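Have a look at the structure that comes next, please.
We name chains A, B, ... by the order of the sequence lines, and we start the count at 1 in each one. Since this is a predicted model, take the numbers as computed values, not measurements. Below, all heavy atoms of this structure are taken into account, side chains as well, without hydrogens, waters or symmetry copies.
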Number of protein chains: 2
Amino acid sequence: MMTDTVQLSTKERILDCALTLFSEQGYDAASVAQIAEAVGIKPPSLYKHFKSKQEIFTALLDVMKNRYDVLEKSMHLNGTDALKDASRYEHMPDDELISIGKRLFSFFLHDSYTSRFRKMLTIEQYRNKALAQLYIQQYIDSALEYQKTLFTALAAAKNLHITDPETTAIQFYAPIFMLLSLCYADFSREQESLDRLEKHIRQFIKLYT
Amino acid sequence: MMTDTVQLSTKERILDCALTLFSEQGYDAASVAQIAEAVGIKPPSLYKHFKSKQEIFTALLDVMKNRYDVLEKSMHLNGTDALKDASRYEHMPDDELISIGKRLFSFFLHDSYTSRFRKMLTIEQYRNKALAQLYIQQYIDSALEYQKTLFTALAAAKNLHITDPETTAIQFYAPIFMLLSLCYADFSREQESLDRLEKHIRQFIKLYT
DNA sequence: GTCTATAAGAAGATAGAC
DNA sequence: GTCTATCTTCTTATAGAC
């Protein structure tokens with residue numbers, strides 16, 4: 001993983017700076033000159049590493065697609081298998097579920113790559129269908145699928161009244177999705193959102209038990 | 001209201017076309033030439049109506065700010081007073097609440113102005129703080145505030161166990177927010193989202209009664 | 001692999017005729 | 001209020017020296 005290496009190659013630094021600028025301004029508004037300046041080179045040097053501006057963007061999407069497992073890693077749970085994870089939740093006290101929810105939330109908000117990727121896809125999603133599908137898949141579908149599998153497993157546990165795991169997944173995850181959207185737009189509202197998140201999970205547990 | 005007039009002035013048509021292009025491509029990617037072509041005039045003619053491209057954008061934001069009441073109007077409820085609206089809900093059968101939720105959802109998705117404004121703000125929100133605040137206010141804060149007031153009133157009704165109206169508002173509204181985000185990215189998933197929305201509201205009512 | 005110089009084109013915007 | 005012609009600046013990208 002890039003962020004683990006101490007020294008980044010020029011190619012990697014270009015991707016890193018481009019990601020920052022694309023996520024703040026969008027692909028079109030961020031110029032090659034800005035990227036080059038952020039890297040500390042002149043614009044022509046950039047073309048020794050990438051054929052075009054578009055190729056930088058495509059390379060970023062490739063990196064993004066290869067980071068599917070970020071969600072699970074961030075939760076320190078087993079790989080991508082929600083069924084395995086479920087056994088951890090079954091006998092988990094409420095406070096630990098809240099702690100996990102908050103850690104997940106904070107990770108999505110503060111992990112440099114995750115947050116910049118999300119912002120970039122958010123503001124580029126309407127430009128073409130492939131980007132829209134990637135946005136949906138990364139931030140809605142895969143998250144819901146994971147939660148759905150999890151709640152399907154939890155439905156077997158005696159103290160949770162889950163009859164429709166998909167709806168339960170939506171009701172658990174949607175507030176996280178919305179509060180993240182809020183904090184990406186205004187970082188100063190993180191603490192307030194964490195409080196709301198905790199209240200949501202507490203109430204969610206109460207409603208389903 | 002613009003959409004009510006049969007004939008639009010050139011100035012209005014410029015705003016209309018600009019809104020479409022800004023909402024699909026973003027401010028920077030949509031060129032003045034594209035806007036002019038969509039209107040059916042040459043780029044220089046456009047400058048007789050607006051001093052600059054930026055002024056078109058600013059004018060659109062002004063229109064947007066003057067449409068606060070759209071949510072309430074779309075629900076065919078009384079103005080902006082959630083407390084008044086609450087009396088309608090108190091003795092409302094579940095199916096009617098679902099119908100209202102779906103109509104609200106469809107309105108946000110299909111009303112031409114509402115949907116284009118939302119897309120535009122979504123993809124422009126990270127470019128400056130004022131846009132971010134407008135995004136938050138329009139699509140999160142004001143909606144939550146409305147729902148909160150509503151659920152505060154509904155808490156008084158005997159058959160709803162609402163102890164924390166703010167959390168309840170988040171739990172009711174967040175799925176709508178998320179499913180709308182999904183459908184704005186991919187219109188073909190509207191029916192699936194309407195089904196999910198209905199299941200959510202049904203389950204929501206069941207959980208809180 | 002970096003630079004300077006520069007091309008080729010598109011962008012926002014203006015002048016002035018009609 | 002529209003047009004053609006034009007200006008200036010910025011943008012992506014290339015050529016070629018070091």
Side-chain angles (χ1 to χ4, degrees), chain A residues 2 5-63 116 119-120 123-124 126-128 130-131, chain B residues 2 5-63 116 119-120 123-124 126-128 130-131:
Chain A
M2 237 187 239
T5 60
V6 179
Q7 292 283 36
L8 295 178
S9 69
T10 304
K11 190 162 187 169
E12 287 168 329
R13 283 192 297 132
I14 291 169
L15 287 175
D16 193 68
C17 294
L19 177 56
T20 298
L21 288 161
F22 289 162
S23 69
E24 289 169 349
Q25 307 181 28
Y27 176 83
D28 236 82
S31 70
V32 171
Q34 276 181 294
I35 298 169
E37 193 187 3
V39 174
I41 56 175
K42 300 292 178 184
S45 306
L46 208 142
Y47 288 89
K48 296 288 178 183
H49 303 276
F50 296 94
K51 283 207 311 273
S52 65
K53 184 186 180 184
Q54 182 58 45
E55 203 186 76
I56 297 174
F57 186 74
T58 306
L60 283 173
L61 291 186
D62 289 341
V63 174
R116 286 181 293 165
K119 288 176 97 166
M120 186 173 82
I123 64 180
E124 295 298 334
Y126 303 135
R127 287 175 56 96
N128 79 60
L131 294 180
Chain B
M2 235 187 242
T5 61
V6 180
Q7 293 282 34
L8 296 179
S9 69
T10 304
K11 189 163 188 169
E12 287 168 329
R13 281 191 298 132
I14 291 169
L15 287 174
D16 193 69
C17 294
L19 177 55
T20 298
L21 288 162
F22 289 162
S23 68
E24 289 168 351
Q25 307 181 30
Y27 177 82
D28 237 81
S31 71
V32 171
Q34 276 180 296
I35 298 169
E37 193 187 1
V39 174
I41 56 175
K42 300 291 176 183
S45 307
L46 207 143
Y47 289 88
K48 296 288 178 184
H49 303 276
F50 295 94
K51 282 207 313 267
S52 65
K53 184 186 182 184
Q54 182 59 46
E55 204 185 76
I56 297 174
F57 186 74
T58 306
L60 282 173
L61 291 186
D62 289 341
V63 174
R116 286 181 293 166
K119 288 176 96 165
M120 186 175 81
I123 64 181
E124 295 297 333
Y126 303 135
R127 287 175 56 96
N128 79 61
L131 294 180

- Message: Can you measure A:Ile41 atom CD1 to D:dA13 atom P for me and round it to whole angstrom units?
- Response: 14 Å
- Message: Closest-nucleotide mapping onto DNA chain D: is A:Ala30 or B:Leu46 further toward the 5' terminus? I mean the 5' end.
- Response: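 Whichever sits nearer the 5' end wins; that is B:Leu46.
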- Passing option when A:Tyr126 is tested against B:Lys119, B:Gln25, B:Glu24 for side chain to side chain contact (heavy atoms under 4.5 Å, CB included):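 Going through the options one by one, the only one that passes is B:Lys119.
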- Message: I need the CG-P distance between A:Asp28 and C:dG12, as an integer number of Å.
- Response: 10 Å
- Look at the side-chain N and O atoms of B:Thr10 and state whether any lies under 4.0 Å from the OP1 or OP2 oxygen of D:dT2.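 Yes, such a contact exists.
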- Query: A:Pro44 side chain: which of D:dT12, D:dC3, D:dA15 is closest?
  - Reply: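 Among the listed nucleotides, the one closest to the side chain of A:Pro44 is D:dA15.
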- Task: Kindly determine whether B:Leu61 and B:Met120 satisfy side-chain contact (heavy atoms from CB on, under 4.5 Å), including the steps that lead there.
- Result: CA-CA 10 Å; B:Leu61 291 186; B:Met120 186 175 81; 4.2 Å; yes
- Task: Calculate the interatomic distance between B:Ile14 atom CD1 and D:dT2 atom P; express it in whole Å.
- Result: 7 Å
- Provide, to the nearest angstrom, the distance between the NZ atom belonging to A:Lys42 and the P atom belonging to C:dG1.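 Nearest whole value for this atom pair: 19 Å.
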- Task: Answer with base, sugar-phosphate or nothing: what part of the nucleic acid does A:Ser45 contact at a heavy-atom distance below 4.0 Å?
- Result: base
- Message: How many whole angstroms separate atom CG of B:Leu21 from atom P of C:dG12?
- Response: 11 Å
- Measuring from B:Ile123:CD1 to B:Ser23:OG, what's the distance to the nearest 0.5 Å? 6.5 Å
- Side chain of B:Lys53 (C-beta onward), nearest among D:dC3, C:dG12, D:dT11: C:dG12
- Looking for any heavy atom pair under 4.0 Å, which part of the strands does A:Lys48 touch: base, sugar-phosphate only, or nothing? base
- Integer-rounded Å distance: D:dC3 P and B:Glu37 CD: 12 Å
- May I ask you to verify if any side-chain N or O of B:Tyr47 is less than 4.0 angstrom from the OP1 or OP2 atom of C:dA13?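 Yes, within the criterion.
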- Interatomic distance, B:Leu46 atom CG to B:Ile41 atom CD1 [nearest 0.5 angstrom]: 5.0 Å
- Task: Quickly work out the B:Ile35 CD1 to C:dA13 C1' distance and round it to whole Å.
- Result: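 B:Ile35 atom CD1 is separated from C:dA13 atom C1' by 13 Å.
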- Relative to the ring of B:Phe22, is the ring of B:Tyr27 parallel (under 30°), tilted (30 to 60°) or perpendicular (over 60°)? tilted
- Item | d(NZ, B:Lys51; C1', C:dG12) in whole Å |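 It works out to 15 Å between those atoms.
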